[in-house]
Asker: 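Quick one: structure below, then a few questions.
Hydrogens, waters and symmetry mates are skipped; everything else that's a heavy atom, side chains included, is used. Chain letters run A, B, ... following the sequence lines, proteins first and then strands; every chain starts at 1.
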There are 2 protein chains.
Amino acid sequence: MENDRSAGERNRDRIIAAAARLLQQGGREAVSTRAVSAAAGVQAPAIYRIFGDKQGLLDAVAAHGFARHLESKEGLRPSGDPVEDLRAGWSLNIAFALDNPALYSLMYGEPRPGATPPAAAAALAFLTSFIHRIAEAGRLHVSEEHAARLVHAVGTGAAFSLMSMPEHQRDLTVSDMARDAVIAAITTDAPAPATPGPQGAAIALSAALPKATVLTAGERALLDEWLDRIVRAG
Amino acid sequence: MENDRSAGERNRDRIIAAAARLLQQGGREAVSTRAVSAAAGVQAPAIYRIFGDKQGLLDAVAAHGFARHLESKEGLRPSGDPVEDLRAGWSLNIAFALDNPALYSLMYGEPRPGATPPAAAAALAFLTSFIHRIAEAGRLHVSEEHAARLVHAVGTGAAFSLMSMPEHQRDLTVSDMARDAVIAAITTDAPAPATPGPQGAAIALSAALPKATVLTAGERALLDEWLDRIVRAG
DNA sequence: TCTCCATGTTAACGATGATAACAAAGAATG
DNA sequence: CATTCTTTGTTATCATCGTTAACATGGAGA
């Protein structure tokens, strides 16, 4: 019986799978330690040995569910237009919420300040990579952090709103409006630099530098010199 | 002992007050039927006679809390500009969520399709009246229903986002951005498209900065700081 | 006075999260 | 090989929870 995975790991996976099944079928209240241990063919104390806590189990279930969701997102390959990629990611996120409402509520339903569930942190990190690509393309006009947090907040809001209405009368219009509004708020219409990478951005910034009145004249002079070095390095 | 309110009504209020107090102090898990009945000086079965259910009690607590919040909102009198009134209402809603996080989670944290808590329904109805006044002023360019649902969704998203971060590092910028984005999406007067100033280029360069190997680490650090100043100035 | 209904009171039931205590079984170490 | 140590399986138990049954009490209306 010596597989590549120890008995502990096997039990861990079985418990998570059983808990996820119960969560999807009967909602949060159906996930009791007894029901989980029975469904996983394990004794109750095993849960506490492995996850320490029921909250630990729920966090693990959320992380696992979200990880599986990310795998399906890997199919989404960059289309060349990072904003269009963000739109596609948005739709997938909404679909994930509607397919796993209990899990989504677990991730975002009762926020505890400072104690972000690992699954939520992973989701935000993943979203940040989308935003970063938009910034690289020179089409972001707020900071990456603000953009990521804004999209994240509005996305979860749209998801919760959709979750709250009965399935037959869900209207994706609101989700689409929210998506478009948020994209309009963080992107510039014109795909700025023709040249990708630091060079294009440096050229664009150099051109717009006189308008950057927050910098002193001395700072602008030094900055302009650096920009010139970046441009010439290309 | 014959007051204008019957003993039942008096008990009802005391139970709700006790439950609300426990909820605010100890979060949702602190609200047990035993703790509530003890704090209210009432026997446990009284809760079930009055509210039928623990969920009924929680709904009543949420409705009461939101009603009290609405009273404070009554102070907000129409300023003549219905859009400006909506902005003020937005801020009050965010403040309500941050002041009563457990109650807010109760209202929106685990949506059950079709079973909207009375407090949430009241909130949406109240918001709808704001939207209606904007429509009357001829400044709405989507349907009232869509506008209300969109503002509601984005508002709760912003609230949950803020609730999830520790109090000392909360940044209302995201909430303001969400508010402005949603207002721009539903109202007519275009606030002029964002001019592609130095901000966009600065953000793009900041994203690509690690690739600018011609600069030393020290230069990159200082440059990043300047870029951040340029972005924030926008 | 009698009846009925709302409320107060006690006790209990089943289920839940969590832990203690101990047995079994290898793995590691000497 | 003997021994220790860590991990895992097993049973039993604790306090607490939501909820309800059963009965007592008391006042309002007939």
Asker: Enter the distance from A:Leu124:CG to A:Ile131:CD1 here, rounded to the nearest 0.5 Å.
Answerer: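 These two atoms lie 9.5 Å from each other.
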Asker: Write out all pairs satisfying salt bridge (charged side-chain N to carboxylate O under 4.0 Å, His left out) with one or both partners inside residues 28-44 of chain A, taking only residues at least two apart or from two chains.
Answerer: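 Passing the test, one end in residues 28-44 of chain A: A:Arg28-A:Glu110.
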Asker: Enumerate the residues from residues 22-33 of chain A whose closest heavy atom to DNA chain C is under 4.0 Å, giving them by residue number; use none for an empty result.
Answerer: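 Contacts with DNA chain C under 4.0 Å: A:Val31, A:Ser32, A:Thr33.
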Asker: Check whether any side-chain N or O of A:Asn11 sits under 4.0 Å from OP1 or OP2 of D:dG9, and answer yes or no.
Answerer: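 For D:dG9, OP1/OP2 do have a side-chain N/O of A:Asn11 under 4.0 Å.
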Asker: Could you tell me the separation between the CZ atom of B:Arg10 and the P atom of C:dA6, rounded to a whole number of Å?
Answerer: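 Distance check: B:Arg10 CZ to C:dA6 P gives 17 Å.
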Asker: Just the rounded figure in Å: distance from C1' of D:dT20 to CZ of B:Phe51.
Answerer: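 Nearest whole value for this atom pair: 18 Å.
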Asker: I need the CD1-C1' distance between B:Ile47 and D:dA21, as an integer number of Å.
Answerer: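 Atom-to-atom, B:Ile47 to D:dA21, this comes out as 17 Å.
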Asker: From D:dT11, C:dG17, C:dG8, pick the nucleotide closest to the side chain of A:Tyr48?
Answerer: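 Among D:dT11, C:dG17, C:dG8, the one nearest the side chain of A:Tyr48 is C:dG17.
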Asker: Polar atom pairs between nucleotides 12-14 of chain D and protein, under 3.5 Å, N or O only, would you list them?
Answerer:
none

Asker: With respect to the phosphate group of C:dT9, does any side-chain polar atom (N or O) of B:Gln43 fall under 4.0 Å of OP1 or OP2?
Answerer: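 It does, given that an N or O in the side chain of B:Gln43 lies less than 4.0 Å from OP1 or OP2 of C:dT9.
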Asker: Could you grab the distance from atom CG of B:Leu127 to atom CD of B:Glu144, nearest 0.5 Å is fine?
Answerer: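 Answer for the CG-CD pair, B:Leu127 versus B:Glu144, is 11.0 Å.
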Asker: Measure the spacing between CZ of A:Phe160 and CE of A:Met163 and express it to the nearest 0.5 Å.
Answerer: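 A:Phe160 CZ to A:Met163 CE: 4.5 Å, rounded to 0.5 Å.
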Asker: With a 4.5 Å cut-off on side-chain heavy atoms, are A:Ile15 and A:Phe51 touching?
Answerer: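 Result yes, sub-4.5 Å side-chain heavy-atom pair found.
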Asker: Side chain to side chain contact (heavy atoms under 4.5 Å, CB included) with A:Asp171: which residues, sequence neighbours excluded?
Answerer: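 Applying side chain to side chain contact (heavy atoms under 4.5 Å, CB included) to A:Asp171 gives A:Thr173, B:His146, B:Arg149.
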Asker: How long is the line joining CG of B:Asp53 and P of D:dC17, in whole Å?
Answerer: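 About 17 Å, once rounded to whole Å.
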Asker: Rounded to whole angstroms, how far apart are CD1 on A:Ile50 and P on D:dT7?
Answerer: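 About 12 Å, once rounded to whole Å.
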Asker: State whether the side chain of A:Asn100 and the backbone N or O of A:Phe96 hold a donor-acceptor pair below 3.5 Å, judged by distance alone.
Answerer: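 Side chain of A:Asn100 to backbone of A:Phe96, a donor-acceptor pair under 3.5 Å: yes, one is there.
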Asker: How many Å lie between NZ on B:Lys54 and C1' on D:dT19, as a whole number?
Answerer: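 Going from B:Lys54 (NZ) to D:dT19 (C1'), I get 12 Å.
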Asker: Side chain to side chain contact (heavy atoms under 4.5 Å, CB included) with A:Pro113: which residues, sequence neighbours excluded?
Answerer: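 In terms of side chain to side chain contact (heavy atoms under 4.5 Å, CB included), with neighbours along the sequence ignored, A:Pro113 is linked to B:Arg170.
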Asker: Tell me the side-chain hydrogen bond (donor to acceptor under 3.5 Å, both in side chains) pairs involving residues 48-57 of chain A, sequence neighbours left out?
Answerer: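 Every side-chain hydrogen bond (donor to acceptor under 3.5 Å, both in side chains) pair that includes a residue of residues 48-57 of chain A, provided the two are not neighbours, is A:Gln55-A:Asp59.
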Asker: From CZ of B:Arg49 over to P of D:dA22, roughly how many Å is that when rounded to an integer?
Answerer: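 Distance check: B:Arg49 CZ to D:dA22 P gives 14 Å.
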Asker: Could you state the atom-to-atom distance from CZ of A:Arg14 to C1' of D:dT8 in whole Å?
Answerer: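 It works out to 13 Å between those atoms.
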